[in-house]
Amino acid sequence: MKISYYPGCTLKNNAENFEDSTLCSLKYLGVEVEELPKWNCCGTVFSLSTDDLIHHVASIRNLIRVKESNSDKVMTLCAMCYNTLKRANERVKSDPESLDKINKFMYLEKVDYEGDIKVLHLLELLKDEIKFENVAKKVKNPIKNLKIASYYGCLLVRPREIGLDDIENPTILENFMVALGAVPIDFPYKTECCGSYQTVDKPEIVADRTYHILTSAQEQGAEVVIVSCPLCAFNLDHRQKETVKKHPDFKNIPILYFTQIMAIALGCPEESLRFDLHFIDPKPILNDKGLV
Amino acid sequence: MVNLEDLKKETKKILEEERVKYIIGYKRGSNGLMPVPAFIKNPEDVEKLIWDPACVYNLSRFLVDEKRRKAKEKKPDERAVGLIVKGCDSRALNVLLQEKFINRDDVYIIGVSCENTGIVDEKKLAKKLKGKKILKIEYSEKDNFVTTTEDGKTEISAQGILAERCLECRAGFPVIYDVFLGEKAKRKLDNPCKSLENIENLSGEERWAFWKEQFDKCIRCYACRSICPMCYCEECVVDTINYAVATDTTAEEKAQRIKWIEKSPVASENIVYHLVRAIHLAGRCIDCGECERVCPLDIPIRLLNKKLEKEARELFGYEAGLDPDQVSLISSFKDEDPDDFII
Amino acid sequence: MKRTGVFICRCGINIAGTVDVEKVAKELYKHTGVVHSEDYIYMCSDPGQNLIVEAIKEKKLDSVIIACCSPTLHETTFRNAAKSAGLNPFQCEIANIREQCSWVHKDMEKATEKSIKITRSAVERVRRNESLEPISIPVTRKALVIGGGISGIQSALDLANSGFEVILVERSPSIGGHMIQLSETFPTLDCSQCILTPKMVEASKHPKINLMTYSEVQEISGYVGNFKVKILKKPTYVDPDKCTLCDECTRVCPVVVPNEFDIGLTGRRAIYIPFPQSIPATYTLDIKACPGLLPIACGKCEDVCEPNAIDFDMKPEIIEEEVGTIIAATGYDLYEKELMSEYGYGKYPDVLDGLQFERLCSASGPTMGKILRPSDHKEPKEVVFVQCVGSRDPELHCAYCSKICCMYTAKHAMLFKHHVHDGQAYIFYIDIRSGGKGYEEFVQRAVEEDGVLYLRGKVSKIFGDKGKLKVWGVDTLSGKDIEIDADMVVLAMATRPSKGAEELAKKLKIAIDKDGFLSEAHPKLRPVESVTSGMFLAGAAQAPKDIPEAVAQASGAAAKAITILSQERLYHAPTVAMVNVNLCTGCEMCVHVCPYDALSLKDGKVEVNEVLCEGCGTCSATCLRAAIQIKNLTPLQVHEMIKACLGG
Amino acid sequence: MAEEFEPKIVAFLCKWCSSAGSDLAGVTRMEYPSNVVPITVMCSGSVSPLYIFSAFNKGADGVLVSGCHPGDCHYIKGNFYTRRRITMVKKLLEYIGLEPQRFQMSWVSAAEGTKYTQIIKDFVKELKPLGPQTKLRRNP
Amino acid sequence: MIHFGKLKQKKGKIHINKDRCKGCAFCVEYCPKDVLELSEEFNIKGYHPPRIKNEDECLYCQLCETICPEFAIFVTLKKEEEEVEKGES
Amino acid sequence: MRINLSKRKIKDIFVTKIEEISGQNLLACYQCGKCSAGCPAIYEMDILPNQIIRFAQLGLKDELLQSKSIWICASCLTCNARCPKGINIAEVIEAIRQILLRKREDHLKINKLSDAEKENVPPIAIISSMRKFTS
C-alpha cells in the first residue's frame with residue numbers, strides 16, 4: 001500500500017516524535033508513505049466566516065498537490081491539519097461557486113481543483129484500510145498493563161460531518177489501544193477542549209483546562225494520556241509546568257502520541273520515539289511496565 | 001459461436017417431442033441475402049433454418065398475430081409456439097410477459113446470441129459492397145463478419161455495417177429462454193446512446209428543424225405500428241375515429257369517439273401521432289429497431305424511442321425487458337424520483 | 001342531443017362586477033345543445049334555485065350548468081335543486097367563474113371571455129355525463145381497536161357499551177400500555193394502577209369485547225364498513241385455562257433478561273407474567289429469550305408445571321375477522337436514550353428516563369416504592385431532572401414539543417420530595433408548558449411547597465465523577481453556568497410514535513406525518529379521523545398526549561366509529577372507474593397504480609371494485625388504450641373541454 | 001400598433017390541492033392574467049399525456065399541470081406517478097424542439113394561493129415573447 | 001444491567017472431564033447458547049473433547065450435563081460450586 | 001440603565017453583518033443555554049454564549065464589541081455540536097471578532113511573547129492564534 005502524506009508545519013518542528021513514530025510504524029506495517037512535494041501550510045484553523053474564501057486557498061493548494069502526485073487521497077497526522085483540510089474540501093465540494101473563485105485565484109496552478117480528493121486521518125487509514133486486526137497481528141511487544149486514557153480534543157470529532165467517530169463518545173482510539181494489547185481508560189473529559197491556540201496569549205486558561213482534563217483521566221486510573229494533535233500535546237504536556245503553579249495539587253502525567261504507543265508495540269527502535277521532546281518524561285512508567 | 005447444427009438439433013427435438021405446434025425462425029428467402037421468417041411444423045423442415053448476421057427480424061411480433069388467431073379458433077391447439085430470439089427480441093418477450101399479453105407457457109424460447117457483435121444493416125451492407133452480389137454472411141471469431149461474394153471470402157469489420165441499435169446494444173444475448181445457444185458476453189460501451197448525441201447537442205430550434213423535416217415526410221402508413229411487438233392494442237388511440245367506423249357503427253357511437261388527431265398526414269398531426277407512440281413505448285421499447293427499418297421514408301423513429309429509453313434509465317434506473325416480473329416504468333415510482341423541473 | 005340549461009349567477013357584484021353576465025348568457029345560448037340560458041343575482045338563494053327547478057320542468061332540460069362560485073361551496077345545493085326537479089344530480093355541473101375568474105381579474109372584457117370558455121367547457125362536459133346512483137355498501141357492525149393502552153381500552157369500552165362488538169388487539173402479553181407503568185398521575189396524584197386496573201378488568205370481562213393479547217394485525221384489506229383483517233396470534237406456549245399462576249415455572253427457568261415492565265431495572269425469566277395485575281392473568285413464554293422449545297433443549301418449566309399448562313407445540317395462529325371500522329391506538333414509546341450520548345445514558349446506571357423513575361416511585365415497583373439509586377441502592381439526596389431531552393431539537397432529534405414532560409417532571413420532583421424529605425430536586429427546563437386544568441397550580445405547588453428548584457436552561461453534559469453524577473447546566477435567568485453533583489438524574493425523554501406504528505400505518509393506508517405520528521384528516525376539523533375513511537385515531541399515536549386528552553380522543557374516535565357502525569348501509573360517490581373490456585388487454589399497469597387496490601384482473605380483463613374506487617383517475621392516465629375511464633370525466637369529456645377552453 | 005400577443009393556456013388542476021389553491025387565490029382577491037383556463041381533474045395522476053399533446057394540437061400556447069406536493073396527495077400517491085409520466089412528456093417535447101417554457105408542471109397546495117398566482121404570472125410572462133405555438137398546432 | 005429484584009443471572013461453572021469424553025459433540029450441538037466448541041487437542045482416548053468458547057453467554061441450564069452420555073461434562077451452580085471446590089481440595 | 005429598544009436598534013446593520021458573516025439565523029435561537037452549559041471556557045467569559053446571541057437579538061452592539069468572551073472562545077465547536085436549533089454559535093462569535101478585526105484592530109500582541117516562549121510554543125499555536133486574533 002502506498003499513501004500520500006501531508007505532514008504540516010508542527011510535525012517538522014515540535015512534534016517530530018509524532019512523525020518519526022508514525023513513519024517507523026507504517027514502515028513496519030508495510031505501508032509506503034510518500035510525503036507531498038512542495039506542501040505548504042494547511043491554513044491552521046478553518047475559517048468560520050462565510051465570506052472568507054482566501055483562508056481556504058492554502059488548503060486547496062495542498063489538495064492540488066495531492067492531485068499532482070496522482071493520488072486520490074491524502075493522509076494527515078496532525079488533527080488540526082486533518083480538520084482544516086477536510087473542512088475546506090467539504091466546503092468547496094458543497095459550493096461550486098466558491099470552488100470556482102478559489103480556482104480562479106490560483107490561476108498559476110496547472111490543474112484546477114474539483115473537490116475530488118479524500119482527506120484521511122491516520123486513524124481512519126488504520127481502521128478502514130489497514131484494519132486494526134492486521135495491526136494486532138504485527139504486534140511484537142504488546143502494551144500489557146499500561147492504563148491509557150485517550151484524549152480526542154475537538155478537531156478529530158467536531159463538527160459532526162468531519163468527525164471520524166461518534167461526536168460525544170468516540171472510541172476509535174480506545175479500540176486501537178485494545179488492538180495493541182493496552183488497557184484503555186474511559187474518562188469524561190476526552191472530548192473537552194484543551195484551550196487550543198489560547199496557549200499563546202492566555203496560558204492560564206490552558207493551565208486550567210489541562211488541570212481538569214488530566215486530573216479526570218488520573219482519577220479513572222490512567223497512567224499515560226494519548227493524543228493525536230500536536231497542539232493538544234503541547235498544551236497537555238508542556239503546560240503542565242504552568243498547571244502545577246496554578247494548582248499545587250496537580251500531579252504530572254506523561255502525554256504520548258498514539259503513534260508512539262503503536263511504535264512501541266510494533267517494536268520500533270527507541271530513536272523513533274524521540275522521548276527527548278517530552279516535558280514529562282514517559283520513560284519511567286514505560287520502563288516500569290517493561291515496554292522500553 | 002452458435003452452431004447451426006445445434007440449433008437444428010434443438011428445434012428438431014422439440015418438434016419431434018410435439019412440445020410446440022410450430023417453430024418460428026429464419027430461412028433464406030428467394031430474394032438475395034436477406035432471410036424471411038420460417039414457420040416450421042415438420043421436424044424434417046428444420047434443415048431450412050439458418051442463423052447469420054442478416055437475421056434481422058424481431059419474430060416476437062408473430063406472437064401477437066398468433067394470439068389473435070388463436071382467439072378466433074374454436075378448438076385451439078394449446079401447445080406453445082417455438083420462437084428463435086436474439087437478445088433484443090427476448091427483451092420484447094419479457095415486456096409481453098410483463099404485460100400479461102402472453103403467458104410463459106405459450107412460448108418455447110430458443111435463444112441465440114449475436115456473438116457479441118450484432119446484426120447487419122442491409123443498407124449499410126449494400127453500400128459497402130458497392131453493388132456486388134453477396135452470397136453469404138457469417139460471424140467470424142473476432143467480432144467481425146465474413147462475407148462471401150462472387151470474388152470470394154472477405155472479412156470485414158462489423159462496426160461499419162452493423163445496425164445502429166446493435167452498436168448501442170449492451171447485451172447481445174437473450175435474457176429469457178428455454179434453450180440457449182452461443183455465449184453471453186456483455187459489451188462495454190462508452191456511450192450506449194451515441195446516436196442521440198448529434199441531436200441532443202443541437203439547439204431547440206435546430207432540433208425542431210430536424211424533426212419537422214422528418215415528420216413532414218411521414219405518410220402515416222403505420223408500418224412502424226404494424227411491425228412493433230408492443231403495438232398490440234386492439235384499437236390504437238390515435239385512430240379511433242377511423243378504425244371503428246364500420247357499417248353498423250351508429251351515429252351516436254361515432255359521436256363518442258375522440259378525434260385526438262386528424263387522419264391527414266400533415267406535420268402537426270404526424271407529430272402528435274409519433275409523440276403518442278413514443279410516450280406509449282416509454283419504458284416498453286426494447287430497441288429492436290424494427291420501426292425504423294420498415295419505415296418507407298427513413299424517418300429515424302428509433303431516435304425518439306431511444307431518447308425516452310435513455311431518460312428512463314438515467315432518471316429512474318429503469319430498463320425495459322430485463323425482467324418479466326418488474327412493474328412497468330409508468331406504473332411505479334420512487335420517492336426520490338427527480339422533480340427539479342417542477343415549480 | 002341533450003337539452004342543457006345554463007344558469008349564470010351574478011353573485012351580487014362578486015361576479016357581475018367583472019364579468020358581463022348578460023353577454024355570457026347570450027353567448028352560451030348560441031352553444032350547441034344549450035336550450036336555455038339566463039342570469040340571476042343570487043342563484044343559490046331560494047328564488048334562484050326555483051328558477052332552475054322551473055326551467056328544468058318547463059324546457060324539459062336533461063342537464064344543467066350553474067356558472068357561479070367554486071363547486072366546493074354550492075355543488076351540493078344545486079345538485080339537490082336539480083334532483084328536486086326530477087333530474088339526476090349528476091346531470092348538474094358547476095362552472096367556477098368566481099374564485100377562478102371574476103375575483104382574480106380586473107379587465108371586464110377578458111374576464112367575460114374567460115367565463116364563456118369555462119362555462120362552455122362545463123357544458124361540453126355535462127352533455128356527456130351519465131346519470132348515476134350512489135354506490136351503497138353494507139356495514140359489518142363490528143370494530144377493531146389496535147392497541148391495548150388506555151386509549152384503546154377506552155375506545156373499546158365506549159364501543160362495546162354502545163352495543164357493538166369490538167376486537168381489541170394488543171401486541172404485548174397484557175393490556176394496560178404505558179399508563180399501567182406509572183406510579184401516580186398529575187395533577188391529582190391518583191394512583192395510576194388503581195384507576196386503570198378496573199377498566200382493564202371491565203374490558204376483559206365485557207361480553208362484547210374480544211380481547212386478543214400477544215397478537216398483531218398482519219394484514220388489512222377492504223374498505224369502510226367492510227374491512228377484512230388478519231390477526232396473528234403469537235403462541236404464549238402456556239394454556240391460560242390450565243395455568244394456576246403457581247409461579248413454579250419461573251423458579252426453575254435458567255434465563256434472566258431485562259424486564260420490559262420495569263424498563264430493565266429488574267429482570268424476568270423467559271417464562272413470565274408481565275406484572276401482577278396482568279390481563280389476561282397468565283404466563284407467557286418469551287421464545288426469544290428461551291433456550292429452546294424442544295424439551296431436550298431445556299424444558300425445565302414443562303417438567304415442573306403440575307397442571308400441564310405448558311404446551312411447546314403451540315403454533316402461531318392467524319385469525320381472520322371482518323370489521324366495519326378500525327381505531328388505531330398504537331400509543332408512544334420514549335425516544336431512544338442511547339442517542340443522547342452527551343447525557344451518558346447506558347454508561348451510568350443512575351441516569352434514568354421518566355418511565356424508569358415512575359417504576360422507582362411505584363409502590364409495586366422494583367424497590368417497593370422507595371427511591372433508590374440503581375448503582376448502589378442508596379437513597380439519592382440530590383436529584384436533577386432534565387426536560388426537553390430530544391424534544392424541541394430539530395437539528396439532532398425531534399422537532400416537536402412532547403407536551404407531557406413539563407407536567408410529569410414536576411410530578412416526579414414532587415414525588416421525590418414526598419419520598420425523600422431531606423432531598424433536593426432540581427429541574428432544568430426551557431419553558432414550562434402547563435396548559436390544562438389544575439396544571440399550572442400543580443407546577444406552582446412543586447415550586448412553593450416542595451421547594452423544587454427550577455433552573456432555566458438546558459443541560460449540556462452529564463458524567464460520572466467520584467460516585468456522583470456531574471451535571472453541567474446553565475441558568476440563563478442569572479446568566480450563570482451551573483454544576484450540580486447529583487445522586488441521580490432523570491431525563492424527560494421525548495415521546496415518539498411507538499415502534500412498528502409506521503409499518504402498521506402502511507398496512508392501514510393511514511398517512512404518517514414527518515415525525516412518524518399518524519396523520520389526522522384535518523388538523524382542526526377532523527382531528528380523530530384518518531384520511532382513509534372508516535379508520536380513526538386515538539391517543540398518543542396521533543401526537544403526544546396526556547391521559548385525559550388521550551381518553552377524550554379515544555371516546556371521540558369511538559363516537560366517530562359509531563356513526564359508521566350505527567348505519568346499515570353507507571353511500572359512496574359513483575364517479576368511479578369503468579372498464580371498456582373490448583379495449584382492455586389485461587396488462588395490469590392500472591392495477592399497479594391504484595392506491596386503493598380497487599382493480600384486479602378477472603379472465604384477462606381488469607375489473608373495478610366500485611366500492612373501493614375513489615375515482616382519482618390515475619388508472620385512466622396510465623392505460624395506454626384508454627380502456628379504463630372515470631365516469632363523468634372520461635377522456636372524451638376532457639378532450640371536448642380542452643377544445644372549449646381553447647375557444648374552438 | 002399591433003395588439004399584444006395573449007397566450008392561451010390550459011391548466012390541469014387537481015381538485016384537492018391546486019384547484020383549491022386557485023380558489024384561495026380568488027378568495028383572497030389576488031390578481032393574475034386571465035390567459036389560463038383551468039380544467040379541474042380529480043388528481044394530477046389522471047392527466048394523460050394525450051391531454052397535453054391534444055391541448056397543444058388544439059392551439060394551446062402553454063400547458064400547465066399542477067398537483068399536490070409529493071406526499072400530500074389526497075389519493076396517497078397519485079402525484080408520484082404524475083411526476084414520472086410528466087417528466088417523460090417534458091423530456092420528449094423538449095427533444096423534438098418545443099420550447100421548454102411552454103409546458104410546465106407545479107406543486108401547488110390548497111394553501112398556496114400566492115404560489116398559484118405567481119406561477120400564472122410567470123408563465124404568461126415567459127410565453128409572451130415566444131409568440132403563438134404553431135409546432136403542434138393543427139392548421140385550422 | 002439489572003439493578004433491582006431477586007432475579008439475578010445464575011452463576012456457576014462448567015466442568016469438563018476431558019478424559020471421559022468420547023467426542024460425540026452432543027453438548028456442542030445442543031447447547032442453546034452456543035457456549036461450547038470441540039477443541040483441537042486429543043484426550044487419552046484420542047477424541048476431541050469440548051472446550052468453553054464463551055462462558056459469558058452460559059445460562060448454566062445444565063443441558064450439557066443432562067445430555068452427555070459419558071457423564072463427562074457437568075455444571076455446578078455458585079453455591080454448590082464452593083462446596084465442590086472444598087471437597088476437591 | 002434602561003435599554004431603549006426600537007426597530008432601528010434591533011435591525012441594526014451590525015446585526016445584519018453578524019448574520020451575513022456567520023451565515024446563521026440569530027432569530028432561530030430560543031435561549032435554551034445548552035451552548036453555555038457545555039462551554040469549556042465559560043468561567044473566563046463575561047457574557048455567556050447564549051447571551052451573545054440574545055444581545056445580538058436585542059441589537060446591543062457596544063456590549064458585544066466590548067465583551068471579553070469573544071476573545072476567550074477557542075472555537076472548540078462543542079456549542080455547535082449540541083445546539084438543538086442547529087445554530088453555529090462559534091461562527092457567530094467569529095463574526096463579531098471579524099467585525100472588529102476588519103477594522104484593523106489586533107487583539108494579540110505577538111511582540112509581547114519572549115523568544116524562549118516563541119521557541120517553545122508549536123507553530124500551529126502561534127499561527128492559529130494570529131489568524132484568530134489579528135487582522
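Below, chain A is the first sequence line, B the second, and so on; all start at residue 1. Side chains included, hydrogens not; waters and symmetry mates left out as well; all remaining heavy atoms used. The shown structure was predicted, so the numbers you read here are calculated from the model rather than taken from an experiment.
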Margin query: At under 4.5 Å between heavy atoms, what parts of residues 386-394 of chain C are in contact with chain F? List them by residue number.
Written below: C/Arg392, C/Asp393, C/Pro394

Note to self: Give the interface residues of residues 427-449 of chain C toward chain F, defined by a heavy-atom separation under 4.5 Å.
What the structure shows: C/Ile430

Margin query: Strictly less than 4.5 Å between heavy atoms, which residues of residues 71-86 of chain F line up against chain C? Please order them by number.
Written below: F/Ala81, F/Arg82, F/Cys83, F/Pro84, F/Lys85, F/Gly86

Margin query: For the CD1 atom on F/Ile13, are there more than 12 heavy atoms of other groups (residues, nucleotides or ligands in this structure) within a distance under 6.0 Å?
Written below: no

Note to self: Take a 6.0 Å sphere around NZ of F/Lys11 and say whether it holds more than 12 heavy atoms from other residues, nucleotides or ligands.
What the structure shows: no

Check: Less than 4.5 Å apart, any side-chain heavy atom of C/Glu342 and any of F/Lys34?
Finding: yes

Next item on the list: Write down the atom of C/Val474, the atom of F/Ser36, and the distance for their closest heavy-atom approach.
Entry: CG2-CB, 3.8 Å

Notebook entry, point to check: Just wondering, more than 12 heavy atoms not from C/Lys514 lying within 6.0 Å of its NZ?
Noted result: no

Check: How about C/Lys468: does its NZ atom have over 12 heavy atoms from other parts shown lying under 6.0 Å from it?
Finding: yes

Check: With only heavy atoms counted, which part of F/Gln31 is less than 4.5 Å from chain C, the side chain, the backbone, both or neither?
Finding: both

Note to self: Report, in residue-number order, which members of residues 478-501 of chain C are under 4.5 Å from chain F by heavy-atom distance.
What the structure shows: C/Gly479, C/Lys480, C/Asp481

Note to self: Can you give me the closest heavy-atom contact between F/Gly38 and C/Ser460, atom names plus distance?
What the structure shows: CA-OG, 3.0 Å

